[in-house]
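Comments concern the structure below.
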Amino acid sequence: MSMTRERINIPVEKLKWMYETMVKSRYYEDVMVEAYNEGKKPVFNIGAGPVPGEMHLSTGQEPAAVGICAHLTKDDTVTSPHRPHHHAIAKGVDLNRMTAEIFGKVTGLGKGKGGHMHLFDPEVKFSCGGIIAAGIPHAVGAALAAKKKGKDWVAVAFVGEGAANAGGFHESLNLAALWKLPLIVVVEDNAYGISVPKSGSTAVASNDLRAAAYGIEGAYVRNNDPIEMYLASEEAVRRARNGEGPTIIEIETHRYLGHFQGDPEMYRDKEEVPNLRKIDPITKIRDLMLSEGIATEEETAQIEVRAKKDVDDAYHFARESEYPAPEDALKDVFSS
Amino acid sequence: MSMTRERINIPVEKLKWMYETMVKSRYYEDVMVEAYNEGKKPVFNIGAGPVPGEMHLSTGQEPAAVGICAHLTKDDTVTSPHRPHHHAIAKGVDLNRMTAEIFGKVTGLGKGKGGHMHLFDPEVKFSCGGIIAAGIPHAVGAALAAKKKGKDWVAVAFVGEGAANAGGFHESLNLAALWKLPLIVVVEDNAYGISVPKSGSTAVASNDLRAAAYGIEGAYVRNNDPIEMYLASEEAVRRARNGEGPTIIEIETHRYLGHFQGDPEMYRDKEEVPNLRKIDPITKIRDLMLSEGIATEEETAQIEVRAKKDVDDAYHFARESEYPAPEDALKDVFSS
Amino acid sequence: METIEKRMLTGNKAMAEAIALEMERDPTVFVLGEDVGKYGGIFGSTQGLFDQFGADRVMDTPISETAFIGAAIGAAAEGMRPITELMFVDFFGVCMDQIYNHMAKIPYMSGGNVKLPMVLMTAVGGGYNDAAQHSQTLYATFAHLPGMKVVAPSTPYDLKGMMISAIRDDNPVVFMFHKTLQGLGWMDQLDASISHVPKEDYTVPLDKANVVREGKDVTIVGLQMTMHYALEAAEKLAEEGIEAEVIDLRSIAPIDKETIIKSVKRTHRLIVVDEDYLSCGISAEVSAIIAEEALYELEAPVKRIAVPDVPLPYSRPLEQFVLPNANKIYDEAMKLINEW
Amino acid sequence: METIEKRMLTGNKAMAEAIALEMERDPTVFVLGEDVGKYGGIFGSTQGLFDQFGADRVMDTPISETAFIGAAIGAAAEGMRPITELMFVDFFGVCMDQIYNHMAKIPYMSGGNVKLPMVLMTAVGGGYNDAAQHSQTLYATFAHLPGMKVVAPSTPYDLKGMMISAIRDDNPVVFMFHKTLQGLGWMDQLDASISHVPKEDYTVPLDKANVVREGKDVTIVGLQMTMHYALEAAEKLAEEGIEAEVIDLRSIAPIDKETIIKSVKRTHRLIVVDEDYLSCGISAEVSAIIAEEALYELEAPVKRIAVPDVPLPYSRPLEQFVLPNANKIYDEAMKLINEW
Ligand SMILES: Cc1ncc(C[n+]2csc(CCOP(=O)(O)OP(=O)(O)O)c2C)c(N)n1
Ligand SMILES: Cc1ncc(C[n+]2csc(CCOP(=O)(O)OP(=O)(O)O)c2C)c(N)n1
Ligand SMILES: [Mg+2]
Ligand SMILES: [Mg+2]
């Protein structure tokens, strides 16, 4: 993490926004873990409790989301995979309706039909899905639509490092490069695809190297650093808006929790996560802001209170909302 | 084409084999065109005549096939796409049964069930198929089987340059590179995928550049040159047999005929093919052998006679064979 | 006597005309797919469009079905109305995820908040010896999976009218056109592949079967080629004094149950003819609908004629053996009537 | 009194044991797929195999289903006997081309000259709120397409016996196991997911349905979860004096017509229950078989209970509304018997 003022060549407001958004995202998942575990103790049962089904948390991976979303407006598109909370929050998805969706409520973004892996907020052009690499083509399409409309909007597709070995990754990048579309693929290298380490899935050390296969730019961001992510993204977004085509940004990031909740994690060392938590990006950015005099203790406390209040409000909204009527299952297959 | 004796650093027998095989392949397709057109004149109807269905000819593309197959034995595997004749012939597929298959006869490789796009000769480990890029994974599997069996067998997957933009290309190369499998992907750059020029489909100038995405070797062979293809393949096959992993070889080659027979070819200049035919690799290799004193006119004539006889025999075998009984359509779904 | 000028168009020209009319009307409509540009679509579905609308609206793509069909989804979500072509339906396996998990489900998963007004057109059908990977119809593969409207028009008139409906529909529509019914110069020449098509725009609904021949003795349900075979068989049956009612299914998702049930109530006998595989096919679905909703109307077992669960073989005698045709329908109809 | 020691195994352990036995017996058998190594398969299908056989024979793959399933095909063609896992059947869309156009067709297209002795195993089923992309069974999607045997065992005993048969079969077999019947510690605990499994190797045929309960009043055909629901409903029906015959379909391609027809000839009533989508589903196929081959045995319409052509919704009340269950079966059986 950049430790001197001169390296922090990013606007103070952006830095604070990134901090607040990371705090919000982290706290959001703390709250979700608890809700998820309700009804799942003493015996874990994936289908029990108020939040059933799979739950993939992004705790530790916040820098990837905030570093690039700091450059986006609601006209820009974001597609996200099965691990979407940090992206959704950074993109400004309606937190109340997102949370209600995860609780399966009728007030949710998808009226309870989608759930945690299927959040759609067209207001801020956010979507996610549960099939690896499948969101990249959707971002290509959004980028194509922007070009056709003559707008300088960009599209960002987030994927995990495991997804970079799926055919759709290749097809999409070739197409976007060929058509010089404003696409940025952000590869979150959290070292694992479920249990498989990157070295067991990927023939190259990092996916920015694959930019060579499309004649485009690639960047690798080390150390889960939100500031470096911000800088790499700034350049990629600028190029995209200028009609200079796509970029691959890979960021080294850290998955503190299991692949999904309930993952026994037999495949990794018990020391790994505690060590990662010691270099947590949220703590680091906070310390940095304080040590560099960018924010005072009071300000960071205020930020934290505000972020948590948003989450708490969303949580209460979700819990207090109604379930859909069972027979509503038959609606929304087709619109008329 | 290499024009000095010193550049022809390949065994004379190999050179003659390549010449003979190219002549055979070319003549084979001359014969097939005629057979294909039977029953399709004056009105072309794809389903009429003794050889119905689509017909994709490789006339002009022989160097790709012979340059690498010169290094293969019948223990090595070749997978081929929809345009398979030159590969099949270079790999030593049973010409009688191959031809019978194309005529839909019961003596064919697939008893008439496969046809021109679906030729399987397990004796020499040859297969092909009609789905773009789908043969690459099969070659990966053959390479994996070789490794598991502790053999130094290699697997070669031929594809067109259009196929290099399909997801299966990427997935297969990553997997083969990751597992260091003895795979060679030969990309035949004949400038078009049906009507779409390479520049309209491919974000990079040549597909050997994509080797960087897998940390493997890549080579580009210019000018449809069988000798250069031989040399590039020699190196790739050597590495594969040594356990040094996969290679991508792209060769610039030329499709003299339409994508398939019946293609109106409105998408290319009428001058293009006549100009390409002027630099035909078969003529060039013949001239070279003569000018360098590698073969005499008599020898080349003998080679041509022999090659053509094989083809004529196969043709007669096929024509004289019987059709399968209609109800045989129900057999061979499952073996028992 | 009034003379009506008949404007005869082939199937492919009817389709292309529909697309052209909609592209003129609505700037958000565009086409993308393999060889849809200068080539005009391998089966002519986009003939002339490139010249009229240029490369920006009629876009050739790489051989990357996942990427470009997925891109159509992404563009549709942003308010465009893409028409994308999967060259042969047989290739669905490289891109079905985008089709059935995303195109078909996003509207539902979003609770109706995301609309995907797009058309996926694709060529189906065999009979010209293109073998196992280029000859299928796969009607049921698409009809089985919820969230997409699936249509398979059989005449130039319907090809145009249903294409216009499909483009205007706010839902994803899979538009299957039969190669042999495109009226292409290089395939079998069929009378049915050319017919009168009005010049102006008009729509044909995406959820209504069509009774193309009335009759009282037996109902024959078919679609695309099998509907035309059914008509041919009906002519022959008529010579024997048997009046077959022929239904052109046209829409396979949703399926028009009412029209079929009404017909069976009249004829009390049912044959379903399908160029797709037998098991779990459209022929099974139609049969099951009757077994569930009009069982007591039946005076004979429901007969299915379809490809008998084998891949399509290449060689002519083999392929002809497994495909439906008018004679098979005639024979089964005679049996149904004489033996029951 | 003789005591028989019962060796109780969960579904996943029964499967893994079958694979282990065959791997010991036959060095050409190996496993490849996502997280099949150390993790032991997300649904436990390969539990313990990595420790026993090591990384060379139990191979974790990248997320590249087209490449590794295709590689399994290539290896099978060279005489290996690969077992490959598609983690959730819902992902078929990214690799169906390899499955249906190559694995299923190469043996046929080669006129029987190439054999592909391989198993594609895949997890199916919903009911735990995993939403539209992780909850499907897609039985019919596979059963519709020729060239693969498709089985869906319902008990630990069959999971083991059919897995051994599948591995030994010279044809490609799609082996669908139901997540909830794996007996995993982190899912619903179901009595049916654990039962006696003999230690030694044994085979269960891949083409025979199983009459799991005899009865004379109504035949209920189900598979996997719906078979267990049918048994549950049958218990309740028995309390009303109604004797339901329950058939575990098990094999969906080829389907065991004889067993079903024989049963309907006894009971004269048929309900088909399916966790797959309704249209063109297995429920349609079974219904059509009877409408064609045993129509006059029926004393009531054939009733289908299946997912009503909507994607699987996430929220519990919605998902429960569309899935089959014992009550729905009971109600329909009562109606069939009382109203007809
Ligand atoms: C096509 C497809 N294959 C497999 C899966 C199962 N799956 C879900 S997440 C996952 C691992 C993804 O790894 P990565 O892309 O690195 O993302 P991460 O989970 O690490 O965020 C897998 C294999 C899937 N959802 N889709
Ligand atoms: C998955 C898939 N998409 C599309 C096609 C249709 N198709 C057949 S050949 C071809 C062009 C192939 O181009 P290339 O790979 O360059 O090979 P060439 O024909 O030039 O030899 C296309 C698009 C196909 N067979 N499979
Ligand atoms: Mg990862
Ligand atoms: Mg080409």
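Proteins get letters first, then strands, A, B, ... in listed order; numbering begins at 1 in each.
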Could you check if a side-chain atom of [X] sits within less than 4.5 angstrom of a side-chain atom of [Y], using non-hydrogen atoms only?
X	Y	answer
Asp328(B)	Phe321(C)	no
Leu330(B)	Pro308(C)	yes
Val196(B)	Glu34(C)	no
Gln133(C)	Met117(B)	no
Lys38(C)	Met266(B)	no

Look at atom [atom1] of [X] and say whether more than 12 heavy atoms of other residues, nucleotides or ligands are closer to it than 6.0 Å.
X	atom1	value
Lys41(B)	NZ	no
Glu34(B)	CD	no
Lys13(C)	NZ	no
Asp191(C)	CG	no
Gln189(C)	CD	yes
Lys328(C)	NZ	yes

Could you tell me whether the side chain of [X] and the main chain of [Y] form a donor-acceptor pair under 3.5 Å?
X	Y	value
Asp130(C)	Gly53(B)	no
Ser64(C)	Asn165(B)	yes
Tyr314(C)	Ile102(B)	yes
Ser315(C)	Gly104(B)	yes
Arg316(C)	Gly47(B)	yes

Taking every non-hydrogen pair under 4.5 Å, which of [options] racks up the most with chain C?
options	answer
Ser201(B), Pro326(B), Gly193(B)	Pro326(B)
Val106(B), Val43(B), Ile194(B)	Ile194(B)
Gly167(B), Ala164(B), Gly200(B), Gly114(B)	Gly114(B)
Phe103(B), Phe169(B), Phe44(B), Tyr323(B)	Phe44(B)

Aromatic rings Phe260(B) and Trp186(C): how do their planes relate, parallel, tilted or perpendicular, breaks at 30° and 60°? tilted
To check you understand the geometry: which heavy-atom pair defines the closest contact between [X] and [Y], and what is its length?
X	Y	result
Pro264(B)	Tyr39(C)	CD-OH, 3.6 Å
Leu318(C)	Gly112(B)	CD1-O, 3.9 Å
Ala329(B)	Val322(C)	CB-CG1, 3.6 Å

Sort [X] into side chain, backbone, both or neither according to what part of it lies under 4.5 angstrom from a heavy atom of chain C.
X	value
Lys111(B)	backbone
Ile132(B)	side chain
Ala134(B)	neither
Asp263(B)	both
Val51(B)	both
Glu327(B)	both

In terms of heavy-atom pairs under 4.5 Å, which option from Asp60(C), Leu312(C), Asp188(C), Asp309(C) contacts chain B the most? Asp188(C)
Pick from Val310(C), Ile63(C), Val94(C): which one has the most heavy-atom pairs with chain B under 4.5 Å?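 Winner by heavy-atom pair count: Ile63(C).
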Give, as side chain, backbone, both or neither, the part of Ile42(C) having an atom under 4.5 angstrom from any heavy atom of chain B. side chain
Using non-hydrogen atoms and a 4.5 Å limit, figure out which bit of Met87(C) sits close to chain B: side chain, backbone, both or neither. side chain
Rounded to the nearest 0.5 Å, how far apart are NE2 of His118(B) and NE2 of His134(C)?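 The NE2 atom of His134(C) is 6.5 Å from NE2 of His118(B), to the nearest 0.5 Å.
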